[in-house]
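Working notes for the structure below.
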Amino acid sequence: MSPIGSSALMGHLGADHPLSPRAALAQLHPLVKGVLQYQPAALWDSDTARLPWRMQAYRRRARDFAQQCLAPLALSVDAEPHVGAGALSPAVRQVLVEAGRQGWLTDLLPAPLGTSAWLDVGYPLVWRTCLRVEEFARACGGLMLLLSAHYLGMGPILVSGQLPLLWQTLRPAMQSTLNGDPHLFAFAITEPGAGSDAEDGHGAAANQPGLRAWREGAGWRLRGDKVYISGGDIARQLTVFAALNHEGFESWTCFLVDADMPGFEVLRTELKMGMRASSAAHLRFNDVWVPDARVVGGLRQGWALNRATLNLSRLPVGAMAVGLAQAAVDVVTEFVGHVRLGGRRLIDHQDVQLTVAQMLAETSAARAMVWQGARTWSPRQCVASMVKFHCTDTAMRVIEMGMDLMGEHALPHRARLEKIYRDARLTQIFEGTNQVNRLSVVEDLQEHWLTSPLTQKVTP
Amino acid sequence: MSSHATESLTAQDLLACVETLRRYATVSLAPRCERPEHPLSAAALREALQALQELGVLNPDDLPAWGCWDDDAHPWVREWSWQALKELGRVNVGLAVAVHMQAMSWQLDRRAGGAPRSHGALVCNGILGLGRDAVVADVLGGTLSDEQGSWMADNWAWPDPEHPRYLYALRDWAWVWVPVWSRDQGWTWCQVSRDQCEVEALPRAHGLDELTLFAVSVRAEHVEAASQQGVVIRGQAAREAWVHVQAMHAMGLLAIGAGSLTTAWHRARDFAEMRHQGGQIIIGHAAVQALLAEASGSIHEAEQALRAAVSPLAHWPDLRQRWTDRLRHQANLSAGASAALQVFGGMGYMQDNGMEKTLRDLNVLRLMGGAPAELRMILATWDRVQPRLREMAP
């Protein structure tokens, strides 16, 4: 149902007016009318109806879960005092347990490794992820990240293609999660001295990784720190990237580390601006010994796993931003629909209508970009990066437009919009800053440009 | 500040005052604000306000003198006011806003013929901002249409629990100036005591962590008493006070924002000259240079607007120009803070880094004195209405 109500807004004709588009379409020839006429519906419903049937059902399920389990907790979880590393508030724990029971922590793959329906397997993994992430982010950015960082942690295991490893890790994790004991993963690449360099080839070539691994027995010893690791303190297993001793980023290797391995330590979790339901942990590896069997994808394959994982994960960051922008649209639409001054609702003013329409258009365009980029099994680096930086910048613009419309009413925590702003600001930073993502587009397209006949015409 | 107090001032006096304040801010205040994740306590803020009185930044005396916003019509006082607010904004935006609001509140106390009251506060906005296009017709002295009058009457009505006004203040405020507007009386400023109000503290507001955001309404049974027996400014004097308050507010928020972003920009630049990524210190990257330029550019533009506002040749209060400056530059300061945060990457998102606090604070400044969307409409109306009124003038 429309949050605004009433049959017509000021400056517009009601649907029952003979000159309204709705009435006009009803006058068309029956043959044409069957094609061109449509029933008024929320944009979300008409967007959903354009998806394949299985994806429609998936999107609706994601929204139902988000509405029922995430949205009611969004403000209270954000306002909770900072809990210590490894601790979870009862409300957040309950979200994890319920998400696990409903299969939202295990539906990357179908049985026997996950809970995804086999009929869904025909649709690209990243597409489903984007649909889910948008709905979760619309309800609460922090809880969305809590649930999504887990999939990021599983990324290198999936990308490794090692079936035995998948069987040994994902199956028991799934069983534990479905039984009400969520088994979470985390993805650990960022280091104190290598934020963007872990996300960019040119930077990596000129930097030296801090976390190092050296051979010992039938395994490897890890020493060093990782920072800002989403969910790193509550994960049971972490995909950790380390360089082999005396080598650079090209030797990066992914190790699957259990949180109970001797030497693994969570130093602290950060006090963040937003996305507070999800932790960002500083991890220390004090000579953690990892057996050979826990090397993910093979030695010196870490950089490949990292880049492949980022190609898969940057599109969902775009979807997060779309969800947060949509949340802003929803908050603002409700506000301008019910605030009444001088005998008119705010939405009855043309300038307000223009702004709301702009917010909606920018959000819809960003969503279209995400869906277009995600409808593939092999997301291209330049596309993933363009989606990431463009959609996150768009979301911030949309949210700021909403704050400008609401003025001081946007400032109280209970108004939700300021939280949406704080949550969304992270999307311009993580998974590579938006600046690094722009360079990532160029990195991917340079071969094409350099071999293009156009670039061969050198002008002196 | 009375004219006799300001006539004897020289530029050297002013520079000396700014230097003294800077020293106080650097030596005494800054160390207490080093942990952005732990905002200054209310007691510390009160202590700082007291110290700023002793330094002459705030003037609690019955007669106007050399205090912030004591006599905004005087260019030297405007110069000193924005310089002082900028210096304070460099260290702590919450404190700077507290000083700014206190100073404006005391000016209203004097306009009402009374002595400045301690623990005073001030509401500058109506229920929803400034009153859109309707307020322009009123400020310019034109005739309000029925719809404009209705809007003004609703927006600037006595705040009730359904339609409160927002107030950023120290948590122990005792008095608040509330502007109200009605068709028959026009503007009235009423000073209302806290016990005459319904007050709801709104925790975890977007920024200004040192202050508290309140939703304030006046109990119906006290409206009569507040408007008839309390401290009140009425009629043309009330309208004039409203215009001056909005002009000071626009200028003060811009100065505080420029100060805050100056600190953020310095920190971002220092970090960029030290941080190594992509094979070099990051200030060598065009991406980082662009971010820093966005921040420094918005500071310079805001300061230029502020300097123009204190020229002896400048019209004052010239609310149209003040709102134009605000529209053009306050949002840019927010964008500059976001750019400065981005230089730090993930570190900038953490509360102990301080950049995220700066960004939240500047967002609040962007919204609390009339938001950009509304200002655009106001200025468009101004340009439409003013020439018409001039033509109609005898």
Side-chain angles (χ1 to χ4, degrees), chain A residues 75 78-79 82 190 193-197 200 202-207 227-228 270-275 280 339-344 346 349 351-352 355 396 400-401 403-415 417-419 421-422 425-426 428-430 432-436 438-439, chain B residues 37 125-129 132 134 147-155 165-166 168 202-207 213 215 275-280 282 285 287-288 290-291 331 334 338 341-342 345-352 356-357 359-360 363-364 366-368 370-374 376-377 380:
Chain A
L75 287 178
D78 180 69
H82 187 70
T190 305
S196 293
D197 282 349
D200 170 60
H202 177 257
N207 201 347
V227 292
Y228 308 144
E270 305 287 343
L271 276 167
K272 296 190 295 179
M273 180 186 199
M275 297 238 189
V339 170
R340 184 179 280 274
L341 284 172
R344 288 163 69 175
L346 279 181
H349 292 268
D351 60 299
V352 175
T355 303
M396 291 308 296
E400 284 174 358
M401 275 190 261
M403 293 177 92
D404 287 350
L405 258 192
M406 288 176 64
E408 288 179 310
H409 292 262
L411 298 176
H413 183 252
R414 68 186 179 190
L417 196 51
E418 73 85 32
K419 173 186 180 298
Y421 179 95
R422 287 186 287 110
R425 189 62 186 80
L426 182 56
Q428 293 180 302
I429 299 172
F430 67 6
T433 63
N434 282 5
Q435 287 69 29
V436 163
R438 284 178 170 85
L439 296 175
Chain B
E37 74 277 29
N125 277 10
I127 289 163
L128 182 73
R132 292 172 58 91
E147 191 184 322
Q148 288 171 329
S150 177
W151 183 285
M152 285 291 286
D154 281 357
N155 193 51
R165 305 273 187 97
Y166 288 116
Y168 260 113
L202 302 172
R204 301 189 68 83
H206 187 61
L213 180 63
R275 177 73 163 177
H276 206 273
Q277 298 266 284
Q280 59 176 318
I282 63 173
H285 293 293
V288 173
L291 292 168
S334 278
S338 192
L341 184 156
Q342 191 74 4
M347 272 180 263
Y349 196 72
M350 305 308 161
Q351 290 182 11
D352 55 4
E356 66 86 31
K357 182 177 187 305
L359 177 55
R360 287 186 292 112
N363 280 344
V364 173
R366 189 178 91 227
L367 299 179
M368 72 186 293
E374 182 183 28
R376 265 191 297 276
M377 290 307 298

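Sequence lines set the chain letters: A, B, ... in the order given, protein chains first and strands last, and positions in each chain run from 1.
For B:Met347, the parts sitting under 4.5 Å from any heavy atom of chain A are the backbone and the side chain alike. Of the two parts of A:Leu417, neither the backbone nor the side chain holds a non-hydrogen atom closer than 4.5 Å to a non-hydrogen atom of chain B. Of the atoms belonging to B:Glu37, it is side-chain heavy atoms, and not backbone ones, that fall under 4.5 Å from chain A. Interface remark: B:Leu128 contributes backbone and side-chain atoms alike to the contact with chain A (heavy atom separation under 4.5 Å). Within the 4.5 angstrom heavy-atom criterion, atoms from both the backbone and the side chain of B:Ser338 approach chain A. With a threshold of 4.5 angstrom between heavy atoms, B:Met377 approaches chain A through side-chain atoms but not through N, CA, C or O. Contact annotation for A:Val227: neither backbone nor side-chain heavy atoms come within less than 4.5 Å of a heavy atom of chain B. With a 4.5 angstrom heavy-atom cutoff, B:Arg366 touches chain A only via side-chain atoms. Proximity to chain A (any heavy atom under 4.5 Å) is shown, for B:Ile282, by neither the backbone nor the side chain. The contact between A:Arg422 and chain B is made by backbone and side chain atoms together, counting heavy-atom distances below 4.5 Å.
With respect to chain B, the highest number of heavy-atom pairs below 4.5 Å among A:Met273, A:Gln435, A:Glu270 belongs to A:Met273. Between chain B and the residues A:Ala280, A:Ala410, A:Gly407, A:Ala415, the most heavy-atom pairs under 4.5 angstrom are made by A:Gly407. Among the candidates A:Met401, A:Glu400, A:Met406, the residue making the largest number of heavy-atom pairs closer than 4.5 Å to chain B is A:Glu400. In terms of non-hydrogen atom pairs under 4.5 Å with chain B, the most contact-rich of A:Met396, A:Arg344, A:Arg438 is A:Arg344. Taking B:Ala371, B:Gly346, B:Gly149 one by one and counting their heavy-atom pairs under 4.5 Å with chain A, the maximum is reached by B:Gly346. Ranked by heavy-atom pairs under 4.5 Å with chain B, the first of A:Asp78, A:Val339, A:Asn434 is A:Asp78.
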Candidate pair A:Glu418 and B:Leu367, rule side chain to side chain contact (heavy atoms under 4.5 Å, CB included), full reasoning: CA-CA 12 Å; A:Glu418 73 85 32; B:Leu367 299 179; over 6 Å; no
Side chain to side chain contact (heavy atoms under 4.5 Å, CB included) between B:Met152 and B:Arg132, intermediate numbers included: CA-CA 9 Å; B:Met152 285 291 286; B:Arg132 292 172 58 91; over 6 Å; no
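Atom NZ in A:Lys272 sits 14.0 Å away from atom CZ in A:Arg425 (nearest 0.5 Å).
Of all non-hydrogen atoms in A:Gly342 and B:Ser150, the two that sit nearest each other are CA-OG, 3.2 Å. Across every non-hydrogen atom of A:Asp404 and B:Ala373, the tightest pair is O-CB, 3.8 Å. Counting all heavy atoms, side chain and backbone alike, B:Leu341 lies closest to B:Glu356 at CD1-CA, 3.7 Å. Here the shortest heavy-atom pairing between A:Leu75 and A:Lys419 reads CD2-CD, 4.1 Å.
Two residues are said to be in side-chain contact when any heavy atoms from C-beta on lie closer than 4.5 Å; A:Tyr228 and B:Met350 meet this criterion.
Side chain of A:His409 to main chain of B:Ile127: a donor-acceptor pair is present (N/O by atom type, distance under 3.5 Å, no hydrogens or angles). Judged by distance alone, the side chain of B:Tyr168 and the main-chain N or O of B:Gly207 form a donor-acceptor pair under 3.5 Å.
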